[in-house]
Peer 1: 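I have a structure I would like to understand better, so I am pasting it below and will then ask my questions one at a time.
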Amino acid sequence: MSDNFQEIEKKIQRFWEERKVFKTNPNPQKKYYVLVMFPYPSGDLHIGHSRNYTIGDTVARFKKMSGYDVLHPFGWDAFGLPAENAAIIHGIHPEQWTKNNISISKKHLMDLGISYDWDSEVVSCEPDYYRWNQYFFLKFYERGLVYRKQSWVNWCPNCQTVLANEQVKEGHCWRSTCNAVIEKRKLSQWYFRITDYAQRLLDGLKKLKNWPEPVKIMQENWIGRSEGVEVNFKLEDGTPVPIFTTRPDTLFGVTFMALAPDAPLAETIALGTEYEHKVKVYIAEALKKSEVERTGTLTEKTGVFTGKYAINPVNNERIPVYIADFVLASYGTGMIMAVPGHDQRDFEFAKKYNIPIKVVINPPNFNLDPNTMEKAYVDEGIMVNSGQFDGLSNIDGINKITEYLIDKGLGKRTVNYRLKDWLISRQRYWGTPIPMIHCEHCGIVPVPEKDLPVLLPKEVTDYLPKGKSVLAGIPEFINTICPQCHRSAQRDPDTMDTFVDSSWYFLRYTDPKNDKMPFDPQKANQWMPIDEYIGGIEHATGHLIYFRFFTKVLYDMGLVAYDEPCDVLHTHGMVKMNGITMSSSKKHGVWLGDFLKKHGADVCKLAVLFAAPPEKEIDWTEDLVTGVSRFLSRIKALYEHETPSFEPLPSSIKEQHKSMAADERRLYIRLNQTIKKVIDDAEHIQYNTAIAALMEFLNDLTSFSDKNSIVYKYSLGALIKLLAPFAPHLAEYLWLKFSQKTSSIFEERLPEPDLTAISFDTITIPIQIQGKLRSKIEVNIGCSENEIKQLALADNKVKKYLEGREITKIIYVPNKLINIVIK
RNA sequence: GCCGGGAUGGCGGAACUUGGUAGACGCAAGGGACUUAAAAUCCCUCGUCCGUUCUCGGACAUGCCGGUUCAAUUCCGGCUCCCGGCACCA
């Protein structure tokens, strides 16, 4: 745009605001819910942020211009650590820091002209929002979906708080600015019983036809269903030690058993024996190690013999029991049967501790020798040394042994999931207080619903985390009265994981001002499910599982009619600069404020959309701006000389387009092709190619000579409407200037293509000989196969190739090509 | 290690759903017009190599090697490299 684009954009933004063009219709007839993942308010926005919002904005505008009632809301995921860290470093209250950032970010978004209905803005750190986190916590508690347990948990020594399993990435803290190595601590914490929904979360994925396949696969792996058998081993003294296995076919090959060092039994198994001391020392050592040291396939496995033996129920063999660090307490029963002959981990462990190796499956046509094996044999084969099961293929053996175990009461079929319960308590200040009271006499007592919200105290002098919650040090907060016995008691000092906030915010948007309920189910149901959800792929195994879990629970509570929150999901790639992802906290990026001053909002939107298809990464350079910036200037320049028509074409034109002048007819067809292409591409969020089509059509228009043609003037008008979702300010400006209406272009409908004029009368048919392009002929559409073959054979270039050769076959693909096969 | 995804000109990317003219659109680069000049704008060229010499013609080209097919960037088999997820899940 020329020099005054900023004034134009400001003016247009004021016009939208005054006219309330993007106000949500409270009674939608034909609803469309477009949602972008709400952001953490980090202050200055960069181009990477704008990608998310720009994609959502384009969807929203397209849908509005296609006649939908659109809900396109916005809000802030406003609780979280950076606010608190800012308080510690700069001595500014987290709330003030957060609100400052919100107002800065909001200004950028408004300057970008995103079509939000700001009346439904939601801010998660406000009591009128977080009280409903507490409400849901209590409701979940009533349903048995909240519990407290003591266990070894992930502890971030830098953030000084526990973390959920989903927030540990490769043994490190998920927050990119932290990245500290995670430690293990034994603590009592609050959990959501998400594992109760593991199967439904898995089954639900099948319904999500319009989710990206990689996201579904990631979730499937994260939930990690595996079918197997629980086998009732016993220690010699009769203590039951059940184990889970997916390979019951190897049961006769068990030569040791291994117990996780953090499993409860590990603490007691060797008590009072000569092994007690060694075992104790080993456990202490093992648990001191961080996740990173302990896990990883490269780390050498270690263990210690407990002095105890178990009995193998299928052959009564005496099996030594070890404690080993490669066994996980949190999966299966916390104890395994080990078959070194057929499991690589067990093999390595057996080699190290001189435990016998027993072969129970032989590969076809070959007998394994346990003394010379260099690794475990894990493939299919024939069972040996397995009593009555010898000679079976091991695949059959799995079933046969399982049935045998069930029959004898020695085991049962079972399913295990890798998904763990969601640890939601955090030892930090800036979050939703957990609405629970610890009473000496009554135990743990929920805060009565009528007493909500439990307000986060604002008068805090010291935010520095000390390994326990900041709130524990605020007497006015922590001391309270037990709701049951009315004696003095203490509040729970922890706050909730901020991913609780983002698990239901999309429902709050449907009824943002409700002070009686989190949302009115009727209002929610008229918008849900989300029709288009846009966000970064980094949430695949976090937020995108949590919000499905919440929706399913709320469905069970009868609050929503759908048990999946979102029909269509589009994840977009990150925006990088010099190969490094743009980031507010790392101060790396192109800042939106600067960019808008220099180039304007439309250029920003268009550049981000045109740079690459949404799912791909963008490595940002200033070069991406040049092309789209020129494109907009050319558009603007064109309309300085030409007057578009927004009148519908007379029906006579549509009926008689075949008798138009050749170049006018060509333009008419190009127009219809462009309309179709842009709308089709937009439907699939392929905005880069849609914009390319608009650029091509602009070329058609500028090279068209009869400026008085009705078709030409109509095309100018159609181009403005097609451009509107991508470059809304310029389009609105041209609309208001030429349409002589006072309404917005976004209250108009997109043009529709005339499908009777979508292709030219003649087409170019390439002629291949032996599959290689040799010539082209121009034929009328509807030309018969024979005619085309004749024309092809008569072609001079073709003749040259055919000279003295025999034609074996002529392949004709209608309207596509012709291929002549010769000997 | 397991599970995904990807590799196309100097660059970002089209075409891939259904095998059918590879390189749309844009950037960069080179040349030209306009201008006192520059910017801006407009026009032309632009995968590589060879031939012809101003109009074309040919060969080779979609990470590598094979296969299926009249025809493969697209399908199949085997590799290489890059990116992402998971991380001893029994």
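Sequence lines set the chain letters: A, B, ... in the order given, protein chains first and strands last, and positions in each chain run from 1.
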Peer 1: Measure from CD on A:Gln219 to C1' on B:rC86 and round the result to the nearest Å.
Peer 2: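 Answer to the nearest Å: 14 Å.
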Peer 1: Does A:Gln199 form a side chain to side chain donor-acceptor pair (under 3.5 Å) with A:Arg225? I'd like the steps, not just the answer.
Peer 2: CA-CA 8 Å; A:Gln199 190 59 47; A:Arg225 180 190 160 99; 2.4 Å; yes
Peer 1: Assuming nearest nucleotide by heavy-atom distance, tell me which of A:Met218 and A:Gln770 is located more 5' along RNA chain B.
Peer 2: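 Nearest nucleotide further toward 5': that of A:Gln770.
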Peer 1: Write down the distance separating the P atoms in B:rC76 and B:rG84, rounded off to the nearest Å.
Peer 2: 26 Å
Peer 1: Once you round it to whole Å, what is the distance between P of B:rG85 and CD of A:Glu538?
Peer 2: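 Taking atom P of B:rG85 as the reference, CD of A:Glu538 is at 10 Å.
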Peer 1: Atom OH of A:Tyr812 and atom C1' of B:rA71: how far apart are they, to the nearest Å?
Peer 2: 16 Å
Peer 1: Within this structure, what is the CG-to-P distance between A:Leu606 and B:rC27, rounded to whole angstrom?
Peer 2: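 For the pair A:Leu606 CG and B:rC27 P, the rounded distance is 12 Å.
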Peer 1: Taking atom P in both B:rA61 and B:rC2, what distance in whole Å separates the two?
Peer 2: 34 Å
Peer 1: How long is the line joining CG of A:Asp619 and P of B:rG6, in whole Å?
Peer 2: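 In whole Å, B:rG6 P lies 20 Å from A:Asp619 CG.
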Peer 1: Mind checking salt bridge (Lys or Arg N to Asp or Glu O under 4.0 Å) for A:Glu285 and listing every partner two or more places apart, or none if nothing turns up?
Peer 2: A:Lys288
Peer 1: Taking B:rA15 as the reference, what is the distance to B:rU41 when you measure between their C1' atoms (whole Å, please)?
Peer 2: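 Straight-line distance between the two C1' atoms is 32 Å.
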Peer 1: Could you run down nucleotides 9-26 of chain B 5' to 3' and tag each one B, S or - for protein heavy-atom contact under 4.0 Å?
Peer 2: ---SSS-----BB--BBS
Peer 1: For A:Asn416, enumerate each residue passing the side-chain hydrogen bond (donor to acceptor under 3.5 Å, both in side chains) test, keeping only those at least two apart in sequence or located in another chain.
Peer 2: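 Applying side-chain hydrogen bond (donor to acceptor under 3.5 Å, both in side chains) to A:Asn416 gives none.
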Peer 1: Please enumerate all residues that pass ring-ring contact (aromatic ring centres under 6.0 Å, His included) together with A:Trp174, with sequence neighbours excluded.
Peer 2: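 For A:Trp174 the ring-ring contact (aromatic ring centres under 6.0 Å, His included) partners, ignoring immediate neighbours, are A:Phe499.
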Peer 1: Indicate for each nucleotide in nucleotides 51-63 of chain B, in 5' to 3' sequence, whether protein heavy atoms under 4.0 Å reach the base (B), only the sugar-phosphate (S), or nothing (-).
Peer 2: ------SSSS---
Peer 1: May I have the step-by-step check of salt bridge (charged side-chain N to carboxylate O under 4.0 Å, His left out) for A:Lys797 and A:Asp795, ending in yes or no?
Peer 2: CA-CA 6 Å; A:Lys797 286 182 199 159; A:Asp795 185 86; over 6 Å; no
Peer 1: Does any pair with a residue in residues 795-823 of chain A pass ring pair (Phe, Tyr, Trp, His ring centres under 6.0 Å), and if so which ones, sequence neighbours excluded?
Peer 2: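 Qualifying pairs: none.
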Peer 1: Return the value, rounded to whole Å, for the distance between atom CH2 of A:Trp222 and atom P of B:rC3.
Peer 2: 18 Å
Peer 1: Between B:rU21 and B:rG4, how far apart are the C1' atoms? Round to whole Å, please.
Peer 2: 34 Å
Peer 1: If only side-chain N and O atoms count, and only distance matters, is there a donor-acceptor pair under 3.5 Å linking A:Thr54 with A:Tyr687?
Peer 2: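 Absent: no donor and acceptor within the cut-off.
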Peer 1: Taking salt bridge (Lys or Arg N to Asp or Glu O under 4.0 Å) as the definition, give me every residue that meets it alongside A:Arg175, ordered by chain and number, with sequence neighbours left out.
Peer 2: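 Here no residue qualifies.
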Peer 1: Just jot down the salt bridge (Lys or Arg N to Asp or Glu O under 4.0 Å) partners of A:Arg51, sequence neighbours excluded, or say none.
Peer 2: none
Peer 1: Using atom CD of A:Glu230 as one end and atom C1' of B:rA90 as the other, report the distance to the nearest whole Å.
Peer 2: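 For the pair A:Glu230 CD and B:rA90 C1', the rounded distance is 13 Å.
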Peer 1: Please report the distance, rounded to the nearest Å, between NZ in A:Lys216 and C1' in B:rC86.
Peer 2: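 Rounded to the whole Å, the gap is 19 Å.
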Peer 1: For A:Phe697, give me all partners under ring-ring contact (aromatic ring centres under 6.0 Å, His included), at least two apart in sequence or on another chain.
Peer 2: none
Peer 1: How would you list, by chain and number, every residue that makes a side-chain hydrogen bond (donor to acceptor under 3.5 Å, both in side chains) with A:His539, sequence neighbours excluded?
Peer 2: none
Peer 1: With Watson-Crick and G-U wobble geometry limited to distances under 3.5 Å, how should the secondary structure of RNA chain B be encoded in dot-bracket form, using | for bases paired to another strand and [ ] for crossing pairs?
Peer 2: (((((((..(((.......[....))).(((((.......))))).(((((....)))))..(((((..]....))))))))))))....
Peer 1: For B:rG10 versus B:rG23, give the span between their P atoms, rounded off to a whole number of Å.
Peer 2: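 So the two P atoms sit 16 Å from each other.
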Peer 1: Please measure how far the P atom in B:rC50 lies from the corresponding atom in B:rC65, and state the result in whole Å.
Peer 2: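 22 Å, rounded to whole Å.
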Peer 1: Measure from the side-chain N and O atoms of A:Tyr417 to the backbone N and O of A:Trp222, and report whether any donor-acceptor pair falls under 3.5 Å.
Peer 2: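 No.
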Peer 1: B:rU52 and B:rG57: how far apart are their C1' atoms, nearest whole angstrom?
Peer 2: 7 Å
Peer 1: Name all residues meeting the salt bridge (Lys or Arg N to Asp or Glu O under 4.0 Å) criterion together with A:Asp680; count only those two or more places apart in sequence or in a different chain, and write none if there are none.
Peer 2: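 If we apply the salt bridge (Lys or Arg N to Asp or Glu O under 4.0 Å) test to A:Asp680, skipping adjacent residues, the hits are A:Lys676.
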Peer 1: Within the structure, does a side-chain N or O atom of A:Lys809 lie under 4.0 Å from either OP1 or OP2 of B:rC70?
Peer 2: yes
Peer 1: Identify whether the glycosidic angle of B:rG30 places it syn (within 90° of 0) or anti.
Peer 2: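 Glycosidic conformation of B:rG30: anti.
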Peer 1: For RNA chain B, whose closest nucleotide is more 5', that of A:Pro214 or that of A:Lys420?
Peer 2: A:Pro214
Peer 1: When the C1' atoms of B:rG58 and B:rU18 are considered, how many whole Å apart are they?
Peer 2: 33 Å
